[in-house]
J.: 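Encoded as structure tokens, here's the structure I'll be asking about.
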Amino acid sequence: MRRSGDHTVWRRSGAHSDEYEAARRSFLLGRMVYERRTELGLSQTELAERADMTQPQLSRLEGGGVTPTIPLLERLAAALEVDLVIDFAPRLAA
């Protein structure tokens, strides 16, 4: 934080940027699961059963509150009838 005239200017520090990015990724993943689930016309309970998890666990994942393991992602992909694709991509120049 720094002062600029009569106003306070807030900036994200490196640590906060990392936490923000992790939260953003969790939110986006949850959103993808939600969108595919609704495309298939499944309830959270139905998808949770297909993926061998509980409905509250699925709800937290869709809300971006957890970071799933790769085995859970594999079960979700199968339950959602999609392929799981994990990739490394070069960083874009800043």
J.: Quick one: do Val66 and Leu76 end up in the same hydrophobic cluster if we chain Ile, Leu, Val, Met, Phe, Trp and Tyr together by side-chain heavy atoms under 4.5 Å apart?
T.: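 Val66 and Leu76: one cluster.
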J.: Less than 4.5 Å apart, side chain to side chain, heavy atoms only: is that true for Leu47 and Leu40?
T.: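 Side chain of Leu47 against side chain of Leu40, heavy atoms only: no contact under 4.5 Å found.
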J.: Is any side-chain heavy atom of Leu42 closer than 4.5 Å to one of Arg50?
T.: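 Yes. Closest side-chain heavy atoms under 4.5 Å.
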J.: Take atom CD1 in Ile86; do more than 12 heavy atoms of anything else shown fall under 6.0 Å from it?
T.: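 Yes, the 6.0 Å shell around CD1 holds more than 12 heavy atoms from other groups.
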J.: Would you compute the distance between atom OG1 of Thr45 and atom CG of Leu58 and round it to the nearest 0.5 angstrom?
T.: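 The distance works out to 8.5 Å.
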J.: If two hydrophobic side chains count as joined below 4.5 Å and joins carry through other members, does Val33 share a cluster with Met53?
T.: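 In one cluster with Val33: Met53, yes.
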J.: Using salt bridge (Lys or Arg N to Asp or Glu O under 4.0 Å) as the criterion, point out the one residue from Arg31, Arg36, Arg37 that pairs with Glu62.
T.: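 The salt bridge (Lys or Arg N to Asp or Glu O under 4.0 Å) with Glu62 is passed solely by Arg37 among Arg31, Arg36, Arg37.
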J.: Rounded to the nearest 0.5 Å, how far does OH of Tyr20 lie from CZ of Phe27?
T.: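 One gets 10.0 Å once the value is rounded to the nearest 0.5 Å.
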J.: Show every side chain to side chain donor-acceptor pair (under 3.5 Å) that has at least one partner inside residues 65-78, sequence neighbours left out.
T.: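 The answer is Ser26-Thr67.
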J.: Look up atom OG in Ser17 and atom CZ in Arg24, then write down how far apart they are to the nearest 0.5 Å.
T.: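 Atom-to-atom, Ser17:OG and Arg24:CZ are 11.5 Å apart.
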J.: Out of curiosity, does Leu73 fall in the hydrophobic cluster containing Leu28 (side-chain heavy atoms, cut-off under 4.5 Å, transitive links)?
T.: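 Each belongs to a different hydrophobic cluster.
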